[in-house]
Amino acid sequence: MASPGPRRIVVLISGSGTNLQALIDAQGTHALPNAQIVLVLSNRKAAYGLQRAAQATPPIPTAYLAMQPYLKSHPGATRDDYDAAVADIVREARPDLVVLAGWMHVLGTHFLDRLQDVPVINLHPALPGAFEGTHAIERAYEAFQKGEVDKAGVMVHRVIREVDRGEPLVVKEVPIEKGEPLETFEERLHKVEWQAIVEGTAKALGA
């Protein structure tokens with residue numbers, strides 16, 4: 001059963017947070033009504049997305065937990081223990097939805113098992129069934145140069161145990177133009193990501 005008041009969203013990031021910014025700008029608007037980001041968690045201390053959260057109006061609480069420092073400070077701990085620790089931080093925020101927005105760490109079963117009652121979605125810069133895992137944008141661009149694909153895209157999908165294999169909620173195709181530099185293609189694709197992550201979040205919340 002959903003908590004009363006705005007639906008509570010926890011966002012996990014690793015970098016500059018442009019996708020997070022799209023969510024911050026959309027919360028409480030017609031694009032993402034009755035929704036509030038209650039926590040931004042990063043696995044990189046220098047992630048600019050943490051500043052975006054702090055500068056939001058009102059400021060959004062933030063947290064930081066990186067795997068290597070965690071393992072060093074917990075002798076004998078494993079990657080699974082780290083995933084469980086991340087899940088515990090997320091659970092404390094009592095989310096209705098968890099959004100992975102450029103979170104560069106594959107979360108295992110220990111994370112998902114602790115959040116069984118909370119939907120988790122992920123933004124991935126590729127079409128369903130194509131270029132799963134890391135460096136998807138570069139791999140799609142390279143495949144286009146070789147004539148192996150004629151388009152790329154982005155999707156927002158439910159997170160399951162298999163990486164980037166969960167049910168797609170939003171899929172948007174992004175054409176690759178002949179002769180355009182990788183940087184230009186990447187810039188166009190990121191703009192589509194900002195739309196997709198808001199639409200996917202709204203869909204996951206049933207908005």
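Positions are given from 1 along the sequence.
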(message) Looking at Glu186, I'd like to know if its CD atom is crowded, meaning that more than 12 non-hydrogen atoms belonging to other residues, nucleotides or ligands lie closer than 6.0 Å.
(response) yes

(request) Mind checking the CG-CG spacing from Asp83 to Leu112? Nearest 0.5 Å is all I need. (result) 8.5 Å

(message) Starting from Leu169, can I reach Leu23 by hopping between I/L/V/M/F/W/Y residues whose side chains sit under 4.5 Å apart?
(response) yes

(message) When you group the ILVMFWY residues by side-chain heavy-atom contacts below 4.5 Å and let the links chain together, are Ile176 and Leu127 in the same group?
(response) no

(request) Give a yes or no on whether Tyr64 and Met67 share a hydrophobic cluster (residues Ile, Leu, Val, Met, Phe, Trp, Tyr; joining criterion: side-chain heavy atoms under 4.5 Å apart). (result) no

(request) Could you go through the side chain to side chain contact (heavy atoms under 4.5 Å, CB included) check for Val11 and Ile60 one step at a time? (result) CA-CA 10 Å; Val11 184; Ile60 300 166; over 6 Å; no

(request) List the atom of Pro125, the atom of Leu189, and the distance in Å for their closest heavy-atom pair. (result) CB-CD2, 3.7 Å

(message) For Asp81, is there any backbone N or O sitting under 3.5 Å from a side-chain donor or acceptor partner on Thr78?
(response) yes

(message) Any salt bridge linking Asp113 with Arg161? Criterion: basic side-chain nitrogen under 4.0 Å from a carboxylate oxygen.
(response) yes

(request) Could you tell me the separation between the CD atom of Gln27 and the OG1 atom of Thr201, rounded to the nearest 0.5 Å? (result) 11.0 Å

(message) To the closest 0.5 Å, what do you measure between CG (Leu20) and CG (Asp25)?
(response) 9.0 Å

(message) Show the nearest heavy-atom pair for residues Ile13 and Gly49, with the distance to one decimal.
(response) CD1-CA, 3.4 Å

(message) Using every non-hydrogen atom in the two residues, find where Leu97 and Pro119 come nearest and quote the distance to one decimal.
(response) CD1-O, 3.4 Å

(message) Checking Glu92 now: which residues fulfil salt bridge (charged side-chain N to carboxylate O under 4.0 Å, His left out) with it, not counting sequence neighbours?
(response) none

(request) For the pair Arg139 (side chain) and Glu132 (backbone), establish whether a donor and an acceptor sit closer than 3.5 Å, ignoring hydrogens and angles. (result) yes

(request) Kindly give the heavy-atom pair with the smallest separation between Ala101 and Ile197, and that separation in Å. (result) CB-CD1, 3.5 Å

(message) Return the CD to CZ distance between Glu177 and Phe144, rounded to the nearest 0.5 Å.
(response) 7.5 Å

(message) Rounded at 0.5 Å granularity, tell me how far CG in Asn122 sits from CZ in Arg158.
(response) 13.0 Å

(message) Strictly below 4.0 Å, N to O, side chains only: are Glu199 and Lys203 in salt-bridge contact?
(response) no

(message) What I'd like to find out is whether the side chain of Arg91 reaches to under 4.5 Å of the side chain of Asp117, using heavy atoms alone.
(response) yes

(request) I would like to know whether His105 and Arg79 meet side chain to side chain contact (heavy atoms under 4.5 Å, CB included); could you show each step before the answer? (result) CA-CA 11 Å; His105 169 81; Arg79 183 188 178 104; 3.3 Å; yes

(message) Ring-plane angle category for His124 and His157, please: parallel below 30°, perpendicular beyond 60°, tilted otherwise.
(response) perpendicular

(message) Ignoring hydrogens, what is the shortest heavy-atom contact between Pro175 and Arg188? Give both atom names and the distance.
(response) O-NH2, 2.6 Å

(message) Is it the case that the side chain of Arg8 and the backbone of Arg94 share a donor-acceptor pair, with hydrogens and angles ignored and the cut-off at 3.5 Å?
(response) yes

(request) Apply side chain to side chain contact (heavy atoms under 4.5 Å, CB included) to Ser14 and list each qualifying residue two or more places apart in sequence or on a separate chain. (result) Asn43, Arg44, Trp103, Met104

(request) State whether the side chain of Tyr82 and the backbone N or O of Ala77 hold a donor-acceptor pair below 3.5 Å, judged by distance alone. (result) no

(request) Could you tell me the separation between the CD1 atom of Ile137 and the CD atom of Glu183, rounded to the nearest 0.5 Å? (result) 11.5 Å

(message) Checking side chain to side chain contact (heavy atoms under 4.5 Å, CB included) between Leu115 and each of Leu107, Val159, Val90, Asp88, which is the one that passes?
(response) Val90

(message) Against Ile121, only a single residue in Val156, Leu205, Val98 fulfils side chain to side chain contact (heavy atoms under 4.5 Å, CB included); can you say which?
(response) Val156

(message) Which heavy atom of Ala63 sits nearest to which heavy atom of Leu50, and what is that distance?
(response) O-CD2, 3.9 Å

(request) May I have the step-by-step check of side chain to side chain contact (heavy atoms under 4.5 Å, CB included) for Val174 and Phe185, ending in yes or no? (result) CA-CA 9 Å; Val174 180; Phe185 165 61; 3.9 Å; yes

(message) Please tell me whether Glu193 and His190 have a donor and an acceptor in their side chains that are separated by less than 3.5 angstrom.
(response) yes

(request) Say whether Leu39 and Ile24 are linked into one hydrophobic cluster, either directly or through other cluster members, by side-chain heavy-atom distances under 4.5 angstrom. (result) no

(request) Not counting sequence neighbours, which residues clear side chain to side chain contact (heavy atoms under 4.5 Å, CB included) with Ala26? List them please. (result) Thr29, Ala31, Leu32, Val198

(request) Give a yes or no on whether Val40 and Leu100 share a hydrophobic cluster (residues Ile, Leu, Val, Met, Phe, Trp, Tyr; joining criterion: side-chain heavy atoms under 4.5 Å apart). (result) no

(request) Look only at the side chain of Arg114 and the backbone of Val86, and say whether a donor-acceptor pair between them is shorter than 3.5 Å. (result) no

(message) Would the distance check show the side chain of Gln21 and the main-chain N or O of Arg52 forming a donor-acceptor pair, the cut-off being under 3.5 Å?
(response) no

